[in-house]
Amino acid sequence: MLDLKFVRSNLDLITDMLKNRGYDLDLSRFQHLDKKRRSILVRLEDLRYQRNKVSDQIAAMKKDKEDVSSLISEMKTVSKEIKGMEVDLPEIADELNKLLLVIPNIPHESVVIGKDADDNPVIRMWGKIRNFDFTPLPHWEIGEKLHILDFSRAAKIARSRFSLQRGLGATIERALINFMLDIHTRHHGYIETLPPFLVNSDTMTGTGQLPKFREDLFKVEGWDLFLIPTAEVPVTNIHRDEILSFDTLPIRYVSYTPCFRSEAGSYGKDTRGLIRQHQFNKVELVKFCCPEDSEKELESLTADAEEILQRLELPYRVVSLCTGDLGFSAAKTYDIEVWLPGQQLFREISSCSNFTDFQARRANIRFKRKEGRGTELVHTLNGSGLAVGRTLVAILENYQQPDGSVVIPEALRPYLDGVSIIKRD
RNA sequence: GGAGAGAUGGCCGAGUCGGCUGAAGGCGCUCGCCUGCUAAGCGAGUGUGGGGCGAAAGCUCUACCGAGGGUUCGAAUCCCUCUCUCUCCGCCA
C-alpha cells in the first residue's frame with residue numbers, strides 16, 4: 001500500500017499513474033473519508049484530553065476528601081461521547097484503509113508506459129538458440145515417452161493440473177532444487193530458509209494475497225490457514241512487524257518450497273504439460289534492503305537468477321514489464337523468459353521485482369539507521385531463482401535428441417551421480 | 001487430549017486491595033568526560049503509531065503493558081473471550 005500522507009498530497013500523480021496502469025479508480029471518496037477521519041480524530045483527542053485532565057483532578061480531590069459527584073456526572077457524558085466516536089472512527093479508518101489497499105504501487109521512472117505484454121521491452125538475450133535437424137517435441141511428449149512424466153495418473157490421484165514424476169524425472173527435480181540452493185547460498189550470499197507451507201490470513205495480507213486475490217488460493221477448511229502460492233509469502237513475512245537494525249541490511253533469503261495455486265481464471269490455458277500446475281516447486285529469492293539500494297539489488301537479484309540458466313546453458317531473454325503489465329505491488333519487474341523449442345516460444349521462468357516500500361508498509365517492516373531518529377520502511381524484492389518445474393521443461397525441450405533421449409546439462413551431473421543422459425528404461 | 005504457569009520497553013525484570021507508571025531497577029546501545037592501551041568509572045540520552053503548531057530544530061496532545069470486548073469519572077492493574085509460550089502427563093513422526 002501507499003503512504004496515506006503521500007496519496008493525500010499527490011492526488012494528480014496517482015491519477016496519472018492509475019491511468020498508465022490501466023486502472024479505473026475514483027479518488028473522491030478517498031478525499032472525503034480522509035477529511036472526515038481527521039475531523040473526528042481532532043474532536044476525539046480533545047475530549048480524551050479533557051477526560052484525562054478531570055480524572056486526575058478527581059483523584060486529587062478525593063484525596064482531600066472533597067465532593068466529586070458533580071465532576072463525575074459531567075464526565076459521564078464526555079465518556080459517552082468518546083465511546084461513540086471510538087466506534088465511528090475505526091469504521092471510517094477501515095474504509096479508508098480498504099481504498100488505500102486497492103491502489104497499486106507507483107512504477108519506477110524507468111518503466112515503459114504500455115498497454116500489455118506486447119509493449120514489454122526486451123532488455124537482453126543470452127545463449128544460442130539451438131538448431132534442430134528434427135522437429136523438437138514439447139516436453140510432455142518427451143517426458144511421457146521417457147516414462148518420467150505421467151499426467152494421466154496424476155489426474156487420477158488428484159485431478160488435472162497435477163503431475164507425477166517418476167525415476168529420473170523425480171530425481172532431476174530434486175537435483176535442480178539442490179543445485180539452485182547451492183549456487184545461491186554459496187556464490188550469491190543468500191541464507192537458506194525452509195518456511196511453513198501453510199500460512200495464516202495475517203501473513204497472506206502482509207504480502208497482499210488477501211483480501212484481493214483470495215480466489216487464487218487454496219484454503220484449509222476449518223482453519224485459518226492457506227497453502228502458500230509462493231515462498232515470497234512466508235519468507236517476506238519473516239520480518240513482519242519488526243524493526244531491523246541498519247547493519248543487518250541487506251538481508252537475502254533463498255527458500256525452496258512447493259507452491260499451490262488455484263489458477264482460477266486460467267481455464268483452457270496451458271492445459272498440457274508442466275507449465276501451469278496447481279502444485280509446483282520453486283526456489284525463491286527474497287531481499288530486504290534500505291531504499292537507496294533497492295535498484296541495484298534488483299539488478300543483482302535478476303543476475304543471480306539468470307546465472308542458473310547460464311550454468312545450465314539454457315537460452316533466455318530478459319524483458320522489463322511495462323506499466324500495463326506490471327503487477328499490483330511492483331514498482332519494477334524483470335521477467336526472465338527461457339526459450340522452449342518444443343513450443344517455439346519464450347516462457348517466463350522467473351519474475352524479479354522491486355516492491356520498494358509498498359509491501360513493507362503493509363507488512364510493517366522497518367529499519368533504523370545508526371544515526372538519526374525514527375524508523376524507515378525497508379524495500380523488499382523477490383524473484384524466482386528459478387521455477388523448478390519450468391526449468392525441467394526447458395531442459396527436456398532444449399536438450400532433446402533425435403532418438404527421444406535427453407542429455408543432462410553438464411552443471412547438473414554432479415547432482416545426479418554423473419548420469420549424463422535420460423533414456424527410456 | 002488432561003493438569004498447571006505465564007505474556008510489560010532492544011533484552012532481563014518490578015508493578016496485584018484501579019488514580020503523576022510510558023511505565024522502577026538492571027543490562028545493552030548512543031553521545032560526552034575520564035584514561036599510556038585494555039578493562040573499569042562518571043554524566044546525559046535512549047519506544048512506536050496518529051494528530052495539532054512550526055520553514056526547521058522542536059513543542060504539544062493522543063493511543064499503545066499478547067489480541068479483542070466489558071466494568072469505571074479513571075485500567076498494565078478488575079471481569080469475559082481468544083491467541084501464543086512454557087512445565088508435567090498421555091499420544092505421536
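Reminder, nothing fancy here: chain letters follow the sequence lines and each chain counts from 1.
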Is the phosphate of B:G74 approached by A:Ser79 (side-chain N or O, under 4.0 Å from OP1 or OP2)? yes

Is the centre of the A:Phe260 ring less than 6.0 Å from the centre of the A:Phe197 ring? no

Any donor-acceptor pair under 3.5 Å linking the side chain of A:Asn97 with the backbone of A:Ala93? no

Tell me: CD of A:Glu376 to C1' of B:G47, nearest whole Å? 17 Å

Could you tell me how far apart A:Gln50 (CD) and B:G74 (P) are, to the nearest whole angstrom? 13 Å

How many whole angstroms separate atom CD1 of A:Ile243 from atom C1' of B:C29? 15 Å

Side chain A:Glu45 and base B:G50 donor-acceptor under 3.5 Å: yes

Return the pairing partner of B:G49 with a 3.5 Å limit on both distances, Watson-Crick or G-U wobble; otherwise return none. B:U62

Sequence neighbours excluded, the answer for side-chain hydrogen bond (donor to acceptor under 3.5 Å, both in side chains) partners of A:Ser39 is none

With a 3.5 angstrom cut-off on both distances, give the Watson-Crick or G-U wobble partner of B:G25, or none if there isn't one. B:C12

Contact class for A:Ile58 vs. all strands (heavy atom < 4.0 Å): base, sugar-phosphate, or nothing? base

Does A:Asn52 have a side-chain nitrogen or oxygen under 4.0 Å from the phosphate oxygens OP1 or OP2 of B:G74? no

Nearest whole angstrom, please: distance from the C1' of B:U48 to the NZ of A:Lys368. 8 Å

So which nucleotide from B:C73, B:U72, B:G51 ends up closest to the side chain of A:Val42? B:G51

Test log, rule ring-ring contact (aromatic ring centres under 6.0 Å, His included), inputs A:Phe179 and A:His184: CA-CA 9 Å; A:Phe179 170 68; A:His184 294 311; 8.8 Å; no

Quote, to the nearest angstrom, the P distance that separates B:G4 from B:U8. 23 Å

Rounded to whole angstrom units, what separation is found between the CD atom of A:Glu66 and the C1' atom of B:C73? 16 Å

Nearest to the side chain of A:Arg366 - B:G49, B:C73, B:C61? B:G49

Less than 4.0 angstrom between a side-chain N/O of A:Asn364 and OP1 or OP2 of B:G49, yes or no? no

Do any side-chain nitrogens or oxygens of A:Arg37 fall under 4.0 Å of OP1 or OP2 in B:G50? no

Are any of the side-chain nitrogens in A:Lys115 or A:Asp119 under 4.0 Å away from the carboxylate oxygens of its partner? no

For B:C92, give the paired nucleotide (Watson-Crick: N1-N3 plus N6-O4 or O6-N4; G-U: N1-O2 and O6-N3; both under 3.5 Å), or none. none

B:C20 phosphate, OP1 or OP2: any side-chain N/O from A:Ser55 under 4.0 angstrom? no

Side chain of A:Lys83 only, heavy atoms from C-beta on: which candidate in B:G51, B:U62, B:U72 is closest? B:U72

Pairing nucleotide - B:A57, Watson-Crick or G-U, each distance under 3.5 Å: none

When the distance from CD of A:Glu86 to P of B:G50 is rounded to whole Å, what number comes out? 19 Å

Does any nucleotide pair with B:U87 by Watson-Crick or G-U wobble geometry, both distances under 3.5 Å, and what is it? B:A3

Name the pairing partner of B:G18, where a pair is Watson-Crick or G-U wobble with both distances under 3.5 Å, or state none. none

Before accepting this row, confirm whether a basic side-chain N of the pair A:Arg276/A:Glu263 lies closer than 4.0 Å to the acidic partner's carboxylate O. yes

Can you tell me if A:Arg48 touches the phosphate of B:G52, counting only side-chain N or O atoms and a distance under 4.0 Å to OP1 or OP2? no

What is the separation between atom CD1 on A:Ile40 and atom P on B:A63, rounded to the nearest whole Å? 17 Å

Counting only heavy atoms not in A:Glu410 (residues, nucleotides, ligands), do more than 12 fall under 6.0 Å from its CD? no

A:Ile82 CD1 to B:U72 C1', in whole Å, measures 13 Å

If you measure from the P atom in B:U72 to the same atom in B:A14, how many Å do you get, rounded? 33 Å

I want to verify a distance call: between B:G51, B:U48, B:G19, whose nearest atom is closest to the A:Ala59 side chain? B:G19

Take atom C1' in B:G66 and the same atom in B:G6, then report the distance between them in whole Å. 11 Å

May I ask which nucleotide in the shown strands pairs with B:A44, Watson-Crick or G-U wobble, both distances under 3.5 Å? B:U30

